[in-house]
**Student:** 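First the structure, which I've put down as structure tokens, then a few questions once you've had a look.
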Amino acid sequence: MTDLAQWLAAETDDEKLASVIAAMAAAGAEIAAVLRRAPIAGQTGLAGHTNVQGEAQKALDIISNDIVLNHLRANPAVSILVSEELDEAVEMSREGTVIVATDPLDGSSNLDVNVTVGTIFSILPVAGGPLQKGTAQLAAGYVAYGPATSLVLRIKGVTSVFTLAADGAWLLTVAAASVPAASGEFAINTARERFWDEATRGYVAESVAGETGAAGKRYNMRWVGSMVADIHRILMRGGIFLYPLDSETISKGGRLRLLYEANPMAWLVEGAGGRSTTGRQGILEVEPVNIHQRVPVILGSADEVRRVEAWYAKA
Ligand code: FDP
């Protein structure tokens, strides 16, 4: 089976970029080991608590952030790190050629219930600074900590999936992920319906109406509430994920973060033939103005995303 080092050698001549991707994969393997034993180590609680041994607890998202930071600090190719856990961008190496933006542990509100969570990352060229459009990404990926630990990666070509083997190797298990254009599954937090805009209401109502409505086919709903888990399902079998702008999130620009959630996920979904939008423009075309900026996120099967875009065009 192809391993990560072989895949990287075939996908890019940029050895520094390859080394940063390998560092994120190593951080992911270490976080996976921490998560596996977290309930035994009494580490699922909130920061500021003490565990049964009377030791100060750190929240797993702080621990995950420290693991990523340590792996990237050891790599002189990293110039700047942007993390959801850190207010400011961190200067790393002066000789660095890339910027890494990461959510070290996305979906952490699901940790207590043993649901899939993940580490998301985006890699940008150093020249443009952290505030570059998603189209400038050199690579992006995530690690999904589920029944298997998966690493999903894309440089410029297709989106590939690796699985962490017992000996610590990342083995290529899906060479080219493919998001089917048509799908009958949508993912949205319907408890927010009263805040939705016209376009979101229209799309969801049409889907819920199934074969009796304008969509003319039956839909099913899936919402894990952990972005990595929801996007991984879509990458493996299609569907659409929506965290749209609504009347409650409008003042913040949305719920999910552009640099380390929306952009890398859009990069991966598009690399698998899917589509992404804020509703009004392609996610990868959004000009960032702030490292922790939020955006509306709609991505997945191309036909479904186009249906949402059609609702926005008439709303
Ligand atoms: P979390 O706050 O647990 O880190 O990134 C934010 C996120 O999770 C996503 O993983 C998830 O899709 C979303 O929030 C869920 O939001 P709601 O609780 O508003 O449904």
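What you see is a predicted model, and the numbers here were worked out from it, not measured in a lab. Just so it is clear, the values below take in all heavy atoms, side chains as well, and ignore hydrogens, waters and symmetry mates. One-based numbering, in listed order, for ligands and for the atoms of each.
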**Student:** Any N or O on G107 sitting closer than 3.5 Å to an N or O of ligand 1?
**Tutor:**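 By distance alone, the answer is yes.
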**Student:** So, is the end of the R154 side chain (NZ or CZ) under 6.0 Å from the ring centre of W267 and within 45° of the ring's axis?
**Tutor:**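 Checked: cation-pi criterion met.
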**Student:** For residues L151 and A25, report the shortest heavy-atom separation together with the two atoms involved.
**Tutor:**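 Shortest heavy-atom separation between L151 and A25 comes out as CD2-CB, 3.8 Å.
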**Student:** Does any N or O atom in R192 lie less than 3.5 angstrom from one in ligand 1, N or O only?
**Tutor:**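 It does not: no N or O of R192 is found under 3.5 Å from an N or O of ligand 1.
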**Student:** Parallel, tilted or perpendicular: which one describes the rings of F186 and Y203, with boundaries at 30° and 60°?
**Tutor:**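 Judged by the thresholds at 30° and 60°, the geometry between F186 and Y203 is perpendicular.
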**Student:** Report, in ascending order of atom number, the atoms of ligand 1 lying under 4.0 Å from any heavy atom of L256.
**Tutor:**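 Under 4.0 Å from L256, ligand 1 has these atoms: 5 (O), 6 (C).
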**Student:** Starting from atom 10 (O) of ligand 1, what is the nearest protein heavy atom, named by residue and atom, and what distance separates them?
**Tutor:**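 Looking only at protein heavy atoms, the one closest to atom 10 (O) of ligand 1 is D106 OD2, 2.7 Å.
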**Student:** Look only at interatomic distance and state if M227 has a nitrogen or oxygen under 3.5 Å from any nitrogen or oxygen of ligand 1.
**Tutor:**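 There is such a contact, yes.
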**Student:** Which atoms from ligand 1 have a heavy atom of E261 less than 4.0 Å away?
**Tutor:**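 Every atom of ligand 1 under 4.0 Å from some heavy atom of E261: 5 (O), 6 (C).
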**Student:** Name the closest protein heavy atom to atom 17 (P) of ligand 1, giving the residue it belongs to and the distance to 0.1 Å.
**Tutor:**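 Looking only at protein heavy atoms, the one closest to atom 17 (P) of ligand 1 is Y243 OH, 3.6 Å.
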**Student:** Suppose I only count heavy atoms of W223 and a 4.0 Å limit; which atoms of ligand 1 are within that range?
**Tutor:**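 Per the distance check, 20 (O).
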**Student:** Ligand 1 versus R257, non-hydrogen atoms closer than 4.0 Å: side chain, backbone, both, neither?
**Tutor:**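 Looking at R257 and ligand 1, no heavy atom falls under 4.0 Å.
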**Student:** Would you kindly say whether D246 and T249 are connected by a side-chain donor-acceptor distance under 3.5 Å?
**Tutor:**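 Indeed, the side chains of D246 and T249 share at least one donor-acceptor pair under 3.5 Å.
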**Student:** Judged by non-hydrogen atoms, does N110 sit under 4.0 Å from ligand 1?
**Tutor:**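 N110 does not count as a contact of ligand 1 under the 4.0 Å cut-off.
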**Student:** Considering only heavy atoms, does S226 approach ligand 1 within less than 4.0 Å through its side chain, its backbone, both, or neither?
**Tutor:**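 It is the backbone that touches ligand 1; the side chain stays farther off.
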**Student:** Short N/O distance, under 3.5 Å, between R255 and ligand 1?
**Tutor:**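 Yes - when backbone and side-chain N and O of R255 are compared with those of ligand 1, one distance drops under 3.5 Å.
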**Student:** Which of the numbered atoms in ligand 1 are under 4.0 angstrom from any heavy atom belonging to S108?
**Tutor:**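 In order of number, 3 (O), 4 (O).
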**Student:** Counting non-hydrogen protein atoms only, what is the nearest one to atom 20 (O) of ligand 1? Give residue, atom name and distance.
**Tutor:**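 Residue, atom and distance for the closest contact: N189 ND2, 2.9 Å.
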**Student:** Would you call E309-R306 a salt bridge at under 4.0 Å N-O?
**Tutor:**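 Salt bridge between E309 and R306, a charged N being under 4.0 Å from a carboxylate O: no.
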**Student:** In the protein, what heavy atom is nearest to atom 3 (O) of ligand 1, and what distance, to one decimal place, separates them?
**Tutor:**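 Among all protein heavy atoms, the one nearest atom 3 (O) of ligand 1 is S109 OG, 2.5 Å.
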**Student:** Could you check whether S122 and N263, counting side-chain N and O atoms only, form a donor-acceptor pair closer than 3.5 Å?
**Tutor:**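 Side chains of N263 and S122: no pair found under 3.5 Å.
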**Student:** Please write down residue, atom name and distance for the protein heavy atom closest to atom 11 (C) of ligand 1.
**Tutor:**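 For this ligand atom, the closest protein heavy atom is G225 O, 3.4 Å.
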**Student:** Without hydrogens or angle criteria, can the side chains of Y219 and E304 be said to hold a donor-acceptor pair below 3.5 Å?
**Tutor:**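 There is such a pair (donor and acceptor under 3.5 Å, judged by atom type) between the side chains of Y219 and E304.
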**Student:** Examine the side chains of Y312 and D197 and answer whether a donor and an acceptor come within less than 3.5 Å of each other.
**Tutor:**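 Present: a donor and an acceptor within the cut-off.
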**Student:** Run the side chain to side chain contact (heavy atoms under 4.5 Å, CB included) check on S276 and V269 step by step: do they pass?
**Tutor:** CA-CA 8 Å; S276 71; V269 166; 5.6 Å; no
**Student:** When you check the side-chain N and O atoms of S207 and R307, is any donor under 3.5 Å from an acceptor?
**Tutor:**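 Yes, because at least one side-chain N or O of S207 sits under 3.5 Å from a partner of the opposite role on R307.
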